[in-house]
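This report refers to the structure that appears directly beneath it.
By convention in this document, chain letters (A, B, ...) are assigned in the order of the sequence lines, proteins followed by strands, and residues within each chain are numbered from 1. Small disclaimer: the values here were computed from a predicted structure and weren't measured.
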Amino acid sequence: MAKKLTASDVPIGATAPELRHVLTRTDLVRYAGASGDFNPMHHDEVKATGAGQPSVFGHGMLSMGFLATAITSYVGVGNVAEFSVRFAKQTWPGEELVTQVTVTGTREENGTTLVDLDVRLTNAEGEEKVLGNASAWIGE
Amino acid sequence: MSVDHSEALAALVGMSTGFPTVALDLVNEPMIRHWAEAMGDTNPVYFDAVAGVTAGLGGIVAPPTMLQAWSMVGLTGTLKRESSRGEKKDLENANDTMMRLLDEEGLTSVVATNCEQEYDRPLRPGERIAMRATIETISDVKKTGLGVGRFTTSLSEFFSVDESFPSDPSLRDAALAKAERVGTMRFRILKFAPQASAPAKPPRPKPALTQDNAFFFEGLNEGKLLIQRCTACATLRHPPLPACGKCESLEWDTIESKGSGEIYSFVVVHYPQVPSFDYPLPIALVALDEGTRIVANVSIDPEHIAIGQRVIARIETFDNDLSLPVFDLDTGA
């Protein structure tokens with residue numbers, strides 16, 4: 001089992017180190033290949049603009065994955081139990097994406113202790129892109 | 001919405017979207033590395049077995065959000081699915097049917113709205129992943145910021161299976177009952193009817209300028225409503241003509257009208273419609289106080305326009321280069 005997370009690692013109100021990344025078209029191509037998501041809206045500028053979009057835009061699951069990086073780096077890869085998001089806004093090449101992960105509480109469930117995290121991805125201007133929550137197992 | 005498939009859609013809720021599928025590839029280190037690179041994630045547990053052991057993971061593991069990527073059909077599968085869409089209805093799975101019914105309702109666009117994943121444990125290179133997906137909910141038609149649409153939720157369950165997992169799709173459900181579940185994903189999408197953006201109005205037809213009528217349009221460009229006057233008998237005339245209708249003189253000049261008058265007659269055009277104009281379109285014959293009549297648009301509500309109403313002209317510029325008089329109700333203010 002993964003290295004245990006302890007309650008003192010994740011006090012309520014604590015925040016994970018912020019990750020920042022300027023999204024590029026190369027990121028979108030790389031993610032399409034890595035995930036198998038070949039929806040042309042994410043890599044084909046001609047089709048995307050033809051469909052009325054200003055440009056290609058990021059995969060929702062890429063945003064979710066980027067946010068997950070901030071979470072797993074904080075609580076440990078093997079400890080994440082749940083991760084739920086709402087896709088609020090599209091992400092665009094050239095935007096700087098910023099992660100926010102905040103500890104909101106702990107709870108008991110089926111004999112295990114979970115820490116709850118409020119997670120969000122915004123651009124540098126603070127526009128919310130992906131909002132959600134995650135939980136991780138705390139070992140004793 | 002032209003078609004309502006509510007009943008047929010309701011019948012799909014709870015159905016699995018087809019036989020369980022098996023991932024094209026085993027969980028493997030190269031794809032884990034590609035994924036981590038795409039995320040800019042340098043966590044060594046994705047690359048380095050020793051780091052994985054040190055972290056208590058027993059070796060390299062896959063990133064949790066990669067859960068669903070193992071079951072993606074890849075580019076070849078995507079193209080195949082797109083090319084056969086809507087063709088062989090008998091080969092459709094429940095998900096294909098749902099998407100087709102939604103398309104038929106005019107809900108042709110799609111956007112992902114929510115994703116919820118649960119991870120039972122990390123996945124390791126060499127594992128074979130099978131997936132079973134179920135249509136969990138299909139909402140009523142809702143009004144959203146993007147347009148009217150229906151939200152649908154699918155539940156995907158992921159299992160770790162071994163090489164004994166049946167290749168016969170019809171035997172797979174039974175095999176999954178004994179397999180270890182490794183995670184789940186709920187995916188919610190909105191299928192919606194894109195709001196038609198109003199097509200740009202074409203410009204108004206331009207008048208054909210002649211040496212007889214050019215003064216009228218040039219005057220409007222300068223903000224003046226000019227009316228032709230016979231210099232022989234002082235009779236006003238409109239629309240512009242080469243000769244006086246009363247004394248046949250070819251000599252004329254112009255006066256600047258104050259633009260005041262009353263509605264002598266009017267029509268409200270409903271049909272035929274020319275795309276440059278808004279309908280119903282009131283058009284009035286205005287008796288100018290100076291003593292001739294002019295046809296022009298009026299700003300008065302078609303329901304309330306009436307013969308005898310006092311009106312006053314203003315000059316409005318259309319499409320940035322066509323100035324025309326428009327008559328407003330003269331309230332005496």
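Taking Leu67(A), Thr69(A), Leu131(A) one by one and counting their heavy-atom pairs under 4.5 Å with chain B, the maximum is reached by Thr69(A). Per-residue heavy-atom pair counts under 4.5 Å with chain A were compared for Met31(B), Glu116(B), Glu118(B), and the maximum is reached by Glu116(B).
Within the 4.5 angstrom heavy-atom criterion, no atom of Pro63(B) approaches chain A. Of the two parts of Asp41(B), the backbone and the side chain both hold a non-hydrogen atom closer than 4.5 Å to a non-hydrogen atom of chain A. Contacts of Gln68(B) with chain A are made by side-chain atoms alone, with heavy-atom separations under 4.5 Å and no backbone atom involved.
What you find for Trp35(B) and Ser35(A) is that their closest heavy atoms are CZ3-CB, 3.8 Å. Of all the heavy atoms in Leu62(A) and Ala38(B), the pair that sits closest is CD1-O, 4.1 Å. Pairing each heavy atom of Gly78(A) with each of Leu57(B), the nearest pair is CA-CD2, 3.7 Å. Among all heavy-atom pairs drawn from Tyr119(B) and Phe83(A), the shortest one is OH-CB, 3.5 Å.
From Thr72(A), atom OG1 reaches atom CG of Asn43(B) across 6.0 Å, with rounding to the nearest 0.5 Å. The CE atom of Met39(B) lies 10.0 Å from the NE2 atom of His21(A); values are rounded to the nearest 0.5 Å. Rounding to the nearest 0.5 Å places OG1 of Thr113(B) at 9.0 Å from CZ of Arg86(A). If you take CZ on Phe87(A) and CZ on Arg188(B), they are separated by 12.0 Å, rounding to the nearest 0.5 Å.
Annotation: side chain of Cys115(B) is in contact with side chain of Met61(A) (closest heavy-atom distance under 4.5 Å). Contact check for Asp37(A) versus Met72(B): side-chain heavy atoms found under the 4.5 Å cut-off.
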side-chain contact (heavy atoms from CB on, under 4.5 Å) for Tyr46(B) and Val77(A)? Distances and angles first, verdict last. CA-CA 9 Å; Tyr46(B) 302 140; Val77(A) 170; 3.4 Å; yes
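Between the side chain of Arg30(A) and the backbone N or O of His34(B) there is no donor-acceptor pair closer than 3.5 Å.
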